[in-house]
> 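There's a structure below that I have some questions on.
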Amino acid sequence: MSGNKEIPTRPIWLGPARRTVQIIDQRALPHELVIVDLATVDDVIAAIKDMMVRGAPLIGVTGAFGAYLAALNAEGMSGFEHVFKSECERIKSARPTAVNLAWGVDRVCSAVFSAKAHGGRSAVALAEAEAVTEEEVDNCRRIGEHGAALIEEISKKKNGRTVNILTHCNAGWLACIEYGTATAPIYTAFERGVDLHVWVDETRPLNQGARLTAWELGQQGVPHTVIVDNAGGHLMQHGMVDIVIVGTDRSTYTGDVANKIGTYLKALAAKDNNVPFYVALPSSTFDWGMEDGIGQIPIEEREPDEVRYVDGFCDGRICRVRVVPENSNAANYAFDVTPARLVTGFITERGVCRADREDVLRLFPEKRR
Ligand code: MRU
């Protein structure tokens, strides 16, 4: 990484006098560390849309802090309720797939509207945004503990030989504040001394695996190898993957999993080769009102230029090159849905369960209707 700034340990934090929110601009990683100040709802929406911040839990927390900024900027206005509510709705529409965004914003919105006194509404919003953040950190820590047990079990079966884990995209601390979701079990097992190695899917078009997951794992000293997105099936056929662990942007409580485009193909290959396929998620990423993931989860389509061009580090700076013929069209579907039948299990903050309604509701009985 160029520059001499110390690397922050979280991807989001409060700015001076708590009047702004600061983020790592993840578009520049791992080559440059760029910190950006968000002062307004428009700043927050742009940061989410342009993927300076990304990953479902982080989008949720950014949404929560966005709602805080909305309250701060509307405080004292005569039409506070109306302005605050419509600003929250605007934040919620920044990206469609990750359900955490609406969850984070709604948490802050409800806290503000249920506060007894009308004074200090931004203080209420800030307290709730901070609570959301710390809960997500704790959830990821617990996911790490539950998921590490699965890795330790495989290590035991292999008599301590290297456990090979495949992951897709970035579901690490950059996406989730601390620990990550898919990476939390990896970090925990590694700290406990399990001999492991991670296959990191590069994750075109924006290369979150090659840029972010590889960088995170490298910082922690976790052995890893970056592979092209289509290598997973070959590795699984040759016994070179013991377990797949991915994150998710929205999962139905019935077990369907929306995650970064290409996840479905990994799940198919895992099924065909009897490789366990786990999805790690906090409860904020479950959609408790949706049953049919393939039919109902909105799949974001992004700018085709993200496919047509690739960013990289060249001659000491980040530059962009075109990788398709000048006049070729491109399509950019950002997520796909893996049906529940291909998912071995969910790793949640409350434990591991099957990817089906009964077992998910066993862990989260308060969600039964
Ligand atoms: O488009 P992104 O980068 O916001 O997508 C999010 C992801 O990195 C993943 O799909 C991830 O596996 C789930 S978020 C922990």
Side-chain angles (χ1 to χ4, degrees), residues 11-12 23-29 47-63 94-101 103-104 136-137 139-140 143-144 147 165-187 198 200-216 229 232 244-251 256-267 277-287 293 297-303 306-307 311 332-338 343 346-349:
I12 190 166
I23 55 160
I24 298 178
D25 181 349
Q26 299 191 20
R27 298 170 306 177
L29 286 176
I48 295 172
K49 266 190 201 296
D50 297 345
M51 292 179 61
M52 296 180 202
V53 288
R54 28 100 10 233
L58 176 58
I59 293 176
V61 165
T62 308
R95 282 187 82 189
T97 303
V99 72
N100 303 57
L101 178 55
W103 173 85
E136 289 300 64
V137 170
N139 287 340
C140 288
I143 287 169
I165 303 159
L166 185 142
T167 193
H168 190 67
C169 202
N170 173 263
W173 68 264
L174 285 166
C176 311
I177 322 301
E178 282 189 26
Y179 308 105
T181 50
T183 54
I186 297 171
Y187 291 137
V198 185
V200 178
D201 282 349
E202 62 177 347
T203 321
R204 276 281 284 146
L206 296 181
N207 292 322
Q208 289 96 326
R211 292 188 302 108
L212 307 177
T213 305
W215 178 71
E216 273 194 30
D229 288 325
V244 178
I245 309 179
V246 296
T248 167
D249 299 85
R250 182 189 302 229
S251 287
D256 296 337
V257 172
N259 194 45
K260 185 51 60 190
I261 193 81
T263 303
Y264 171 46
L265 293 177
K266 296 294 130 55
F277 182 95
Y278 281 93
V279 177
L281 74 167
S283 47
S284 54
T285 306
F286 277 113
D287 190 323
I297 296 178
I299 298 296
E300 179 180 16
E301 285 182 50
R302 296 184 59 83
E303 278 301 309
E306 291 181 354
V307 176
D311 288 345
N332 191 3
Y333 298 94
F335 301 95
D336 59 26
V337 177
T338 298
V343 179
F346 284 137
I347 308 169
T348 78
E349 71 266 26

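Whatever order the structure lists ligands and atoms in, that order sets their numbers, starting from 1.
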> Do the side chains of Arg302 and Glu300 get close enough for a salt bridge, i.e. N-O under 4.0 angstrom?
yes
> Flag this pair as yes if the NZ/CZ of Lys260 is under 6.0 angstrom from the six-membered ring centre of Phe335 and inside a 45 degree cone about the axis; otherwise no.
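Yes, a cation-pi geometry.
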> Let me know which protein residues bring a heavy atom to under 4.0 Å of ligand 1; chain then number is fine for ordering.
Met51, Arg54, Gly55, Ala56, Pro57, Arg95, Cys169, Asn170, Ala171, Cys176, Thr181, Gln208, Gly247, Thr248, Asp249, Asn259, Lys260, Phe335
> Atom CG of Leu58 and atom CE of Met52: how far apart are they, to the nearest 0.5 Å?
12.5 Å
> Please enumerate all residues that pass ring-ring contact (aromatic ring centres under 6.0 Å, His included) together with Tyr187, with sequence neighbours excluded.
none
> List for me each residue that meets side-chain hydrogen bond (donor to acceptor under 3.5 Å, both in side chains) alongside Asn100, sequence neighbours excluded, and say none if there are none.
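With sequence neighbours excluded, Asn100 shows a side-chain hydrogen bond (donor to acceptor under 3.5 Å, both in side chains) to Ser284, Thr285, given in chain and number order.
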> Go through the structure and list residues passing side-chain hydrogen bond (donor to acceptor under 3.5 Å, both in side chains) with Thr263, not counting sequence neighbours.
Asn259
